[in-house]
Novice: 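Following this message is one structure expressed as structure tokens.
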Amino acid sequence: MPKKIRDKVNDLLNSEEEIANVIVKGWVRTRRDSKGGFSFLEINDGSCLVGIQVVADHNLKSYQAVAEHLHTGSCVAITGKLVASPGKEQKWEVHASEIELYGSADAEKYPLQKKRHSFEFLREIAHLRPRTNTIGAVMRVRNRLSYSVHKFFQDRGFLYLHTPIITASDCEGAGEMFQVTTLNLDQPPMNNGKTDYSQDFFGKKTALTVSGQLEGEIYAMALSDIYTFGPTFRAENSNTSRHLAEFWMVEPEMAFYDLDDDIDLAEEFIKFLLKDVLENCQQDMEFFNKRIDKTILQTLTGIVDCDFERIHYSDAIHMLEKSSEKFVYSVEWGCNLQSEHERYLSEKVFKKPVVIYNYPEGIKPFYMKMNEDKETVRAMDVLLPKLGEIIGGSQREDDLDALTARMKEKGLDPKEYWWYLDLRRYGSAPHSGFGLGFERLVQFVTGMENIRDVIPFPRTPKHASF
RNA sequence: UCCGGUGUGGCGCAAUGGUAGCGCACUCGGCUGUUAACCGAGUUGUUAGAGGUUCGAGUCCUCUCACCGGAGCCA
């Protein structure tokens with residue numbers, strides 16, 4: 001047994017019996033005084049959504065000394081006994097025998113009040129917002145989902161692979177990159193009018209990773225099934241409720257999987273995650289269903305039980321062309337699907353997750369496997385109602401000549417990717433993978449509207465405080 | 001980056017170009033095994049910033065900044 005520092009509120013609330021000696025440590029959420037000579041304190045320690053009620057008699061030696069500091073936000077340690085509560089709202093409460101004040105919080109200055117705050121305001125006090133019900137619940141669910149990601153892959157024999165954060169390859173052209181350098185930017189060394197990166201720390205131009213996929217493929221071509229789960233960086237000037245400059249991505253990569261196997265895994269993965277969180281975060285999920293999105297439990301349960309719709313890109317285009325819906329952007333074969341098109345398909349036509357696959361070659365990156373029709377590649381996107389794209393994946397091109405040709409078509413220099421091509425040169429094999437945006441998953445599961453509220457410290461253009 | 005919207009006490013919001021107000025929070029008092037506690041009283045403002053129109057600007061105009069929503073890019 002690990003050493004006991006104090007009793008966690010969650011454990012006490014789930015107790016089967018009265019306990020003579022308990023120590024609760026946490027932050028005061030509310031205090032209600034009774035002139036009958038005692039106060040009710042609600043103490044929350046983050047171990048669960050609700051706090052535990054503490055009854056503190058004013059005759060306690062320690063009470064008078066700390067009473068004036070027992071405001072919302074202050075931190076206390078309370079010794080006492082766990083007894084059945086006569087109140088309606090809770091089963092258990094703690095009768096205090098001693099109160100120790102760790103840190104007070106000036107009631108007139110503490111920004112968090114015992115009432116609802118807008119999420120915009122809470123983002124300005126990101127160092128205090130984890131003390132709110134909503135952010136606390138989001139982070140507990142986020143934690144469970146993280147655990148669940150590992151559990152899903154570990155149960156299936158996948159290896160957790162740590163791919164590099166700093167990279168010298170513009171992996172897939174997946175957006176603008178954050179440069180990493182130790183050069184003096186006021187006076188960089190020059191060579192023929194250009195910055196001389198041979199003098200930089202790594203001897204070449206480097207940046208933060210936009211994807212661990214290419215490195216993931218290397219290990220999949222040796223260890224068969226791997227996954228990465230780590231931070232990813234995109235320097236796009238994106239200002240939306242679905243984009244972050246720093247986010248976490250889950251990227252499995254599997255040898256011997258074709259596109260169908262890839263889609264099967266993606267569907268199984270999402271269902272596993274939703275089912276797990278419904279079973280293990282009940283209290284928090286009920287909170288989201290009550291306060292954030294009244295349809296969230298119904299939506300998640302429905303997805304766990306349904307079969308994802310799978311349609312060819314070409315069929316999707318036909319459906320959109322035949323539709324009577326008026327779109328801002330017109331549809332034709334070869335174009336990228338716009339948000340409005342994806343939403344129409346997942347929300348109005350199928351009303352469930354939709355997998356669109358076999359996209360035109362021209363709108364997808366060089367590494368995706370060409371189909372026999374020479375027009376489409378084995379790419380797939382998983383679209384969720386309301387949220388949009390949560391997964392993008394593909395079967396990878398495993399033919400050396402085809403891959404080299406496509407790189408040249410896309411204006412990439414095969415020499416730069418010599419190691420990537422070596423995987424096709426020596427012992428190549430069919431393989432596939434996908435990337436899942438972790439914050440978008442948390443968003444979808446909790447019903448939170450803005451991605452900045454499902455990551456502890458959001459990084460977006462012009463925002464890197466805290 | 002583009003389009004649209006919004007910036008007013010600590011927070012959430014009102015105010016036909018004419019004396020800046022309400023709710024919550026907070027402080028004090030009352031009541032109470034209370035629990036979004038309740039009742040009464042009180043404190044709180046450079047109306048985002050700069051300039052302009054006007055007898056008079058929170059309100060109209062110009063610029064700047066910030067935030068929100070939508071779009072693009074994508075996960």
Side-chain angles (χ1 to χ4, degrees), chain A residues 29-43 50-57 68 71-73 83-90 93 95 105-125 132-133 172-176 210-213 229 231-251 266 290-291 327-329 336-343 363-365 381-384 387-393 434-444 449-453 455 460-463:
Chain A
R29 282 292 179 82
T30 68
R31 162 186 171 188
R32 298 176 289 272
D33 289 333
S34 166
K35 284 296 186 296
F38 47 90
S39 296
F40 297 99
L41 304 172
E42 188 185 326
I43 309 296
V50 298
I52 193 160
Q53 173 161 292
V54 171
V55 182
D57 196 288
E68 61 188 292
H71 297 298
T72 300
V83 298
S85 173
K88 296 176 201 148
E89 306 287 322
Q90 64 278 322
E93 64 187 23
H95 285 191
D106 187 333
E108 292 195 342
K109 291 179 183 164
Y110 186 57
L112 280 176
Q113 300 162 4
K114 47 183 185 183
K115 59 170 215 168
R116 294 192 75 155
H117 288 290
S118 66
F119 293 122
E120 290 86 345
F121 173 67
L122 291 176
R123 274 173 226 145
E124 295 171 10
I125 49 167
T132 63
N133 285 337
E172 44 178 306
E176 295 296 310
V210 293
S211 167
Q213 181 198 318
F229 184 9
T232 308
F233 308 88
R234 307 251 167 114
E236 296 289 345
N237 190 7
S238 295
N239 292 289
T240 81
S241 57
R242 308 181 305 284
H243 288 87
L244 292 166
E246 176 181 298
F247 64 99
W248 287 64
M249 190 151 68
V250 180
E251 294 182 287
K290 189 174 165 193
R291 303 296 279 273
F327 297 116
V328 176
Y329 294 88
N336 261 312
L337 293 179
Q338 306 291 316
S339 283
E340 57 174 345
H341 304 141
E342 297 179 347
R343 293 239 312 272
I363 57 173
K364 289 293 180 184
D381 284 350
V382 180
L383 312 177
L384 293 178
L387 188 82
E389 184 176 348
I390 190 166
I391 281 179
F434 62 78
L436 173 137
F438 188 65
E439 281 73 20
R440 288 190 182 172
L441 173 74
V442 180
Q443 236 187 312
F444 186 74
E449 288 189 351
N450 198 308
I451 201 165
R452 295 162 191 142
D453 302 322
I455 186 168
T460 51
K462 304 254 163 63
H463 291 276

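Here is the naming used below: chain letters follow the sequence lines, and residue numbers restart at 1 for every chain.
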Novice: Please identify each residue that fulfils side chain to side chain donor-acceptor pair (under 3.5 Å) with A:N239, with sequence neighbours left out.
Specialist: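 For A:N239, the residues satisfying side chain to side chain donor-acceptor pair (under 3.5 Å) (neighbours in sequence not counted) are A:N237.
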Novice: With a 4.0 Å cut-off on heavy atoms, is A:G87 in touch with a base, just the backbone sugar-phosphate, or nothing at all?
Specialist: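 Base, at least one base atom sits under 4.0 Å.
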Novice: Using 0.5 Å steps for rounding, measure from the OG1 atom of A:T132 to the CG atom of A:L112.
Specialist: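 Going from the OG1 atom of A:T132 to the CG atom of A:L112 covers 7.0 Å.
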Novice: Just so I know, are the side chains of A:F247 and A:F438 near enough to count as touching, which here means a heavy-atom distance under 4.5 Å?
Specialist: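 Counting from C-beta outward, A:F247 and A:F438 never come under 4.5 Å.
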Novice: Contact class for A:L441 vs. all strands (heavy atom < 4.0 Å): base, sugar-phosphate, or nothing?
Specialist: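 The residue A:L441 makes no contact with any strand.
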Novice: Rounding to the closest angstrom, what is the interatomic distance between B:A20 and B:A14 at atom C1'?
Specialist: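 After rounding to an integer number of Å, I get 10 Å for this pair.
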Novice: When you measure from the side chain of A:E93, which nucleotide among B:G33, B:C67, B:C74 comes out closest?
Specialist: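 Looking only at side-chain atoms, A:E93 lies closest to B:G33.
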Novice: A:I363 has an atom CD1; how far is it from atom P of B:C73, in whole Å?
Specialist: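 Computing the A:I363:CD1 to B:C73:P distance gives 10 Å.
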Novice: Sequence neighbours left out, what passes side chain to side chain donor-acceptor pair (under 3.5 Å) with A:Q53? Give chain and number order.
Specialist: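 With neighbours one apart ignored, the set is A:R32, A:E93.
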Novice: Between P on B:C74 and CD1 on A:I390, what's the gap in Å once rounded to a whole number?
Specialist: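 Rounded to whole Å, this separation is 17 Å.
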Novice: Would you kindly give the CG-to-P distance between A:N239 and B:A66, to the nearest whole Å?
Specialist: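 That distance rounds to 11 Å.
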Novice: Tell me what A:F121 touches on the nucleic acid: a base, only sugar-phosphate, or nothing, going by heavy atoms under 4.0 Å.
Specialist: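 Sugar-phosphate only.
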Novice: Quick one: which of B:C74, B:C68, B:A71 gets closest to the side chain of A:R452?
Specialist: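 Of the candidates, B:C68 comes closest.
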Novice: Let me know the distance between CD of A:Q213 and C1' of B:C74, rounded to the nearest Å.
Specialist: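 The answer, rounded to whole Å, is 14 Å.
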Novice: Determine the contact category for A:P86: base if any of its heavy atoms lies under 4.0 Å from a base atom, sugar-phosphate if only primed atoms, P, OP1 or OP2 are that close, otherwise nothing.
Specialist: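 Base contact.
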Novice: Under 4.0 angstrom, heavy atoms only, what part of the nucleic acid is A:E120 near: base, sugar-phosphate, or nothing?
Specialist: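 Sugar-phosphate: the residue A:E120, judged by heavy atoms under 4.0 Å, touches backbone atoms but no base.
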Novice: Let's test your reading of the model: under 3.5 Å, does the base of B:U35 pair with the side chain of A:Q90 as donor and acceptor?
Specialist: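 It does, because a donor-acceptor pair links the side chain of A:Q90 to the base of B:U35 below 3.5 Å.
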Novice: Side chain of A:H117 only, please: which of B:A36, B:C11, B:A71 is the nearest?
Specialist: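 Within the option list, the nearest is B:C11.
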Novice: Sequence neighbours left out, what passes ring-ring contact (aromatic ring centres under 6.0 Å, His included) with A:F327? Give chain and number order.
Specialist: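 Partners of A:F327 under the ring-ring contact (aromatic ring centres under 6.0 Å, His included) test: A:H341, A:Y344.
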Novice: Please confirm whether the shortest side-chain N or O distance from A:S339 to OP1 or OP2 of B:G72 is below 4.0 Å.
Specialist: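 True: A:S339 side-chain N/O within range (under 4.0 Å) of B:G72 OP1/OP2.
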Novice: Would you sketch RNA chain B in dot-bracket for me? Only Watson-Crick or G-U wobble pairs with both distances under 3.5 Å count, crossing pairs as [ ], other-strand pairs as |, the rest as dots.
Specialist: (((((((..((((....[..)))).(((((.......))))).....(((((..]....))))))))))))....
Novice: Give a yes or no answer on whether the side chain of A:R242 reaches the backbone of A:R440 with a donor-acceptor pair at less than 3.5 Å.
Specialist: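 Pair absent, no side-chain N/O of A:R242 close to backbone of A:R440.
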Novice: Between atom CG in A:L112 and atom P in B:G12, what is the gap in whole Å?
Specialist: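 Those two atoms, CG and P, are 12 Å apart.
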Novice: Where each residue is assigned the nucleotide of RNA chain B containing its nearest heavy atom, which of A:K462 and A:E342 is assigned the position nearer the 5′ end?
Specialist: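 By nearest-heavy-atom nucleotide position, the 5'-most residue is A:K462.
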Novice: Side-chain contact test, heavy atoms from C-beta onward, threshold under 4.5 Å: evaluate it for A:N450 versus A:E120 and give yes or no.
Specialist: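 No, every pair of side-chain atoms sits at 4.5 Å or beyond.
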Novice: For B:G7 and B:A75, measure between their P atoms and round to the nearest Å.
Specialist: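 Between the two P atoms, the distance is 37 Å.
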Novice: B:C74 phosphate, OP1 or OP2: any side-chain N/O from A:R440 under 4.0 angstrom?
Specialist: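 No, because none of the side-chain N or O atoms of A:R440 sits under 4.0 Å from OP1 or OP2 of B:C74.
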Novice: Taking the P atom of each, how far is B:G9 from B:A71, in whole Å?
Specialist: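 31 Å, rounded to whole Å.
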Novice: Do the side chain of A:S238 and the base of B:C73 come within less than 3.5 angstrom through a donor-acceptor pair of N or O atoms?
Specialist: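 Present.
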Novice: Drop me the distance from A:L383's CG to A:R343's CZ, to the nearest 0.5 angstrom.
Specialist: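 Here the interatomic distance stands at 12.0 Å.
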Novice: What is the distance from CG of A:L337 to P of B:C73, rounded to the nearest Å?
Specialist: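 After rounding, the reported distance stands at 11 Å.
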Novice: Whole angstroms only, please: what is the CD-C1' distance between A:E449 and B:G69?
Specialist: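 Whole-Å distance recorded here is 10 Å.
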Novice: Identify each atom pair where a protein N or O and an N or O of nucleotides 23-29 of chain B are less than 3.5 Å apart, giving names and distance.
Specialist:
residue: B:C24; atom: O2; partner: A:K115; partner atom: NZ; Å: 3.1
residue: B:C26; atom: O2'; partner: A:E108; partner atom: OE2; Å: 2.9

Novice: Return no unless some side-chain N or O of A:R31 is found under 4.0 Å from OP1 or OP2 of B:A37.
Specialist: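 No, because none of the side-chain N or O atoms of A:R31 sits under 4.0 Å from OP1 or OP2 of B:A37.
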Novice: Side chain of A:T240, heavy atoms from C-beta onward: which of B:C73, B:U32, B:A75 has the nearest atom to it?
Specialist: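 Per side-chain heavy atoms of A:T240, the pick is B:C73.
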Novice: OP1, OP2 of B:G12 versus side-chain N and O of A:S118: anything below 4.0 Å?
Specialist: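 True: A:S118 side-chain N/O within range (under 4.0 Å) of B:G12 OP1/OP2.
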Novice: Between B:A48 and B:A15, how many Å separate the two P atoms, rounded to a whole number?
Specialist: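 Result for the P pair: 15 Å, nearest Å.
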Novice: Any base atoms under 4.0 Å from A:K109, or only sugar-phosphate, or nothing? Heavy atoms, all strands.
Specialist: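 Nothing, no nucleic acid heavy atom in range.
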Novice: Whether A:Q338 contacts B:G72 is assessed here as follows: a side-chain N or O lying under 4.0 Å from the phosphate OP1 or OP2. Is that the case?
Specialist: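 A:Q338 to B:G72 OP1/OP2: side-chain N or O found under 4.0 Å.
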Novice: Say whether, by atom type as modelled, one donor and one acceptor occur between the side chain of A:T460 and the main chain of A:H463 under 3.5 angstrom.
Specialist: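 Checked: no pair found.
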Novice: Distance check needed: B:C39 P versus A:D33 CG, whole Å only.
Specialist: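 That distance rounds to 17 Å.
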Novice: Which sits closer to the 5' end of RNA chain B, A:F38 or A:N450, going by the nucleotide each is nearest to?
Specialist: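 Whichever sits nearer the 5' end wins; that is A:F38.
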Novice: Restricting to side chain to side chain donor-acceptor pair (under 3.5 Å), what partner residues turn up for A:Q90, sequence neighbours left out?
Specialist: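 A:Q90: side chain to side chain donor-acceptor pair (under 3.5 Å) contacts with A:S85.
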Novice: B:C68 phosphate, OP1 or OP2: any side-chain N/O from A:R123 under 4.0 angstrom?
Specialist: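 For A:R123, the contact criterion (side-chain N or O under 4.0 Å from OP1 or OP2 of B:C68) is met.
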Novice: A:Y329 has a side chain; which of B:C73, B:C68, B:A71 sits nearest to it?
Specialist: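 When the side chain of A:Y329 is considered, B:A71 is the closest of B:C73, B:C68, B:A71.
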Novice: Could you go through the side-chain contact (heavy atoms from CB on, under 4.5 Å) check for A:S211 and A:E251 one step at a time?
Specialist: CA-CA 8 Å; A:S211 167; A:E251 294 182 287; 2.9 Å; yes
Novice: Kindly say if A:S241 contacts the phosphate of B:G70, meaning a side-chain N or O under 4.0 Å from OP1 or OP2.
Specialist: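 Checking B:G70 against A:S241, a side-chain N or O does come within under 4.0 Å of OP1 or OP2.
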Novice: Classify the side chain of A:H243 versus the base of B:C74 as yes if they form a donor-acceptor pair under 3.5 Å and no if they do not.
Specialist: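 Looking at the base of B:C74, it does pair with a donor or acceptor on the side chain of A:H243 (distance under 3.5 Å).
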